Amino acid sequence: MGIFGRDMILIATLAAMCAAMLTGIASGQSFNQYYQTTTGPSNFILSNGSTVAQLVLDQASASGFSSKSNYLFGTFSMNIKLVPGDSCGTVATFYMTSNSATHDEIDLEFLGNLSGQPYILQTNVFAHGVGGREQRINLWFDPTAAFHLYTIEWTQNAITILVDNIAIRQFNNVFLQTGVPYLNNQSMVAIGSLWDGDSWACHGGSIKLNWQDAPFIASYSGFNLISGCSIPNNTISSCQASKFATFSVTPKIQAHRLNQLIIVKKKYLGYNYCTDKNRYPTTPPECAYNIV
Ligand SMILES: *[C@@H]1O[C@H](CO)[C@@H](O)[C@H](O)[C@H]1NC(C)=O
Ligand SMILES: *[C@@H]1O[C@H](CO)[C@@H](O)[C@H](O)[C@H]1NC(C)=O
Ligand SMILES: *[C@@H]1O[C@H](CO)[C@@H](O)[C@H](O)[C@H]1NC(C)=O
Ligand SMILES: *[C@@H]1O[C@H](CO)[C@@H](O)[C@H](O)[C@H]1NC(C)=O
């Protein structure tokens, strides 16, 4: 099948997923069941029966929340509507981290931009303290106009990051082939945040956050879209043997996702650490196994 055929599939998929996304929003559930915040009330505002959170960034404070439990494997989604207008220097995130000394982490960082200029989605994966695996995706829609669904799917085999159910990145467990550690023995919390990243985020840090446009507000919802092996309800070893560790998509969906990754690599990939020869004269070993 040519790239054109794959594009047609992607467009059809996008249309189907827009319908699915609306379902995701409709299944709103109270923030407090799985999440908590330590941000003060003027920078973290719950509305719509606690199903929507507004994260407010101003000069007084950044904003954030975290899952109450830790998780080892599962599927973690969030509907996010990003800061509109001039968002240059703001960084909104949805990520998972083990908060440990040699930490595991899976990052989605949305880098704001000047009015009318496109957002970038930067992703990264840390395994046992080692990160430096940044990739940047140009989103194919305006992420400030509506909620879109962002997903981290984490099993023993792979970490897949999806945007509106389109796979944009897959980090495979290639420990046996390469010795590169995988994220499989440290539990992580899920976190959403909005903060000032103007030292590096917008136009490489050369354009700063314009506080005259504050407060900056990003909206998050879908707090029930969390399905994983939780700790302390379970132990590390029981999570490693749970359905969340081994759950994987059907071969048909996996083939579909591989096509999506090929299109994303061709059309939407802005930066890929795997091809950054200045930074990595020797290509990191896991790259040989990744499409994106
Ligand atoms: C607001 O709450 C209603 C009722 O629970 C829900 O159907 C709707 O999806 C919520 N809106 C958002 C944006 O989550
Ligand atoms: C967790 O995995 C890392 C990397 O594979 C390994 O170095 C470490 O010993 C493991 N820790 C435990 C407690 O199994
Ligand atoms: C902002 O927009 C400019 C111009 O299109 C682009 O070069 C840049 O990568 C965008 N994103 C960031 C975070 O600077
Ligand atoms: C832990 O177990 C309790 C009791 O079954 C359940 O209500 C709760 O939702 C569980 N926590 C998580 C994060 O799954």
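Just so you know, these numbers come straight off a predicted model, no measurement behind them. Start at 1 and go down the list; that is how both ligands and their atoms are numbered. Side-chain atoms are counted along with the backbone in the values below, which use heavy atoms only and exclude waters and symmetry mates.
Every atom of ligand 3 is numbered from 1 in the order shown, and the set under 4.0 Å from a heavy atom of Leu111 is 13 (C). Within ligand 3, the atoms closer than 4.0 Å to a non-hydrogen atom of Pro118 are 1 (C), 2 (O), 5 (O), 10 (C), 11 (N), numbered from 1 in the order shown. In the vicinity of Val52, heavy-atom distances shorter than 4.0 Å reach the ligand 1 atoms 12 (C), 13 (C), 14 (O). Counting the atoms of ligand 3 from 1 in the order shown, those under 4.0 Å from a heavy atom of Ala201 are 13 (C). Proximity to Ser69 (heavy-atom distance under 4.0 Å) selects the following atoms of ligand 4: 13 (C). Taking a cut-off of under 4.0 Å to the non-hydrogen atoms of Tyr71, the atoms of ligand 4 that pass are 13 (C). Residue Thr51 approaches ligand 1 through these ligand atoms, each under 4.0 Å from one of its heavy atoms: 1 (C), 2 (O), 10 (C), 14 (O).
Protein heavy atom in closest approach to atom 7 (O) of ligand 3: His203 CE1, 4.7 Å. When only non-hydrogen protein atoms are considered, atom 6 (C) of ligand 3 lies nearest to Asn113 ND2, 4.3 Å. Among protein heavy atoms, atom 8 (C) of ligand 4 sits closest to Asn233 ND2, 3.8 Å. For atom 4 (C) of ligand 3, the closest heavy atom belonging to the protein is Gln117 OE1, 3.7 Å. Atom 9 (O) of ligand 3 has Ile120 CD1, 3.3 Å as its closest protein atom, hydrogens excluded (heavy atom only). Nearest protein heavy-atom contact of atom 14 (O) of ligand 4 is Ser230 OG, 3.4 Å.
If you run ring-ring contact (aromatic ring centres under 6.0 Å, His included) between Tyr220 and each of Tyr35, Phe65, Phe147, Phe110, only Phe65 comes through.
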| said: side chain to side chain contact (heavy atoms under 4.5 Å, CB included), that's the test. Do Leu183 and Met96 meet it? Break it down for me. | reply: CA-CA 11 Å; Leu183 300 74; Met96 302 191 69; over 6 Å; no
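Although no hydrogens or angles enter the test, the distance criterion places no donor-acceptor pair under 3.5 Å between the side chain of Thr102 and the main chain of Gly129. Checked by atom type and distance alone, the side chain of Lys68 pairs as donor or acceptor with a backbone atom of Asn32 at under 3.5 Å. The main-chain N or O of Asp86 is found under 3.5 Å from a side-chain atom of Ser115 such that the two form a donor-acceptor pair.
Under the 30°/60° scheme for interplanar angles, the aromatic rings of Phe171 and Tyr182 are found to lie parallel.
Not less than 6.0 angstrom separates the ring centroid of Tyr150 from the ring centroid of Phe94. Between Phe31 and Phe44, the distance from one ring center to the other falls under 6.0 angstrom.
At least one heavy atom of Gly112 sits less than 4.0 Å from an atom of ligand 3.
The hydrophobic cluster containing Phe216 also contains Leu46, counting ILVMFWY residues as joined when their side-chain heavy atoms lie under 4.5 angstrom apart, directly or transitively. Leu111 and Leu55 fall into different hydrophobic clusters, defined by Ile, Leu, Val, Met, Phe, Trp and Tyr side-chain heavy atoms under 4.5 Å apart, directly or through other members.
For atom 11 (N) of ligand 4, a protein non-hydrogen atom is found at a distance below 4.0 Å. Distance remark: protein heavy atom present below 4.0 angstrom from atom 1 (C) of ligand 4.
Neither the backbone nor the side chain of Asn79 comes within 4.0 Å of ligand 1, counting heavy atoms alone.
Atoms CD and OH, on Gln170 and Tyr289 in that order, are 15.0 Å from each other to the nearest 0.5 Å.
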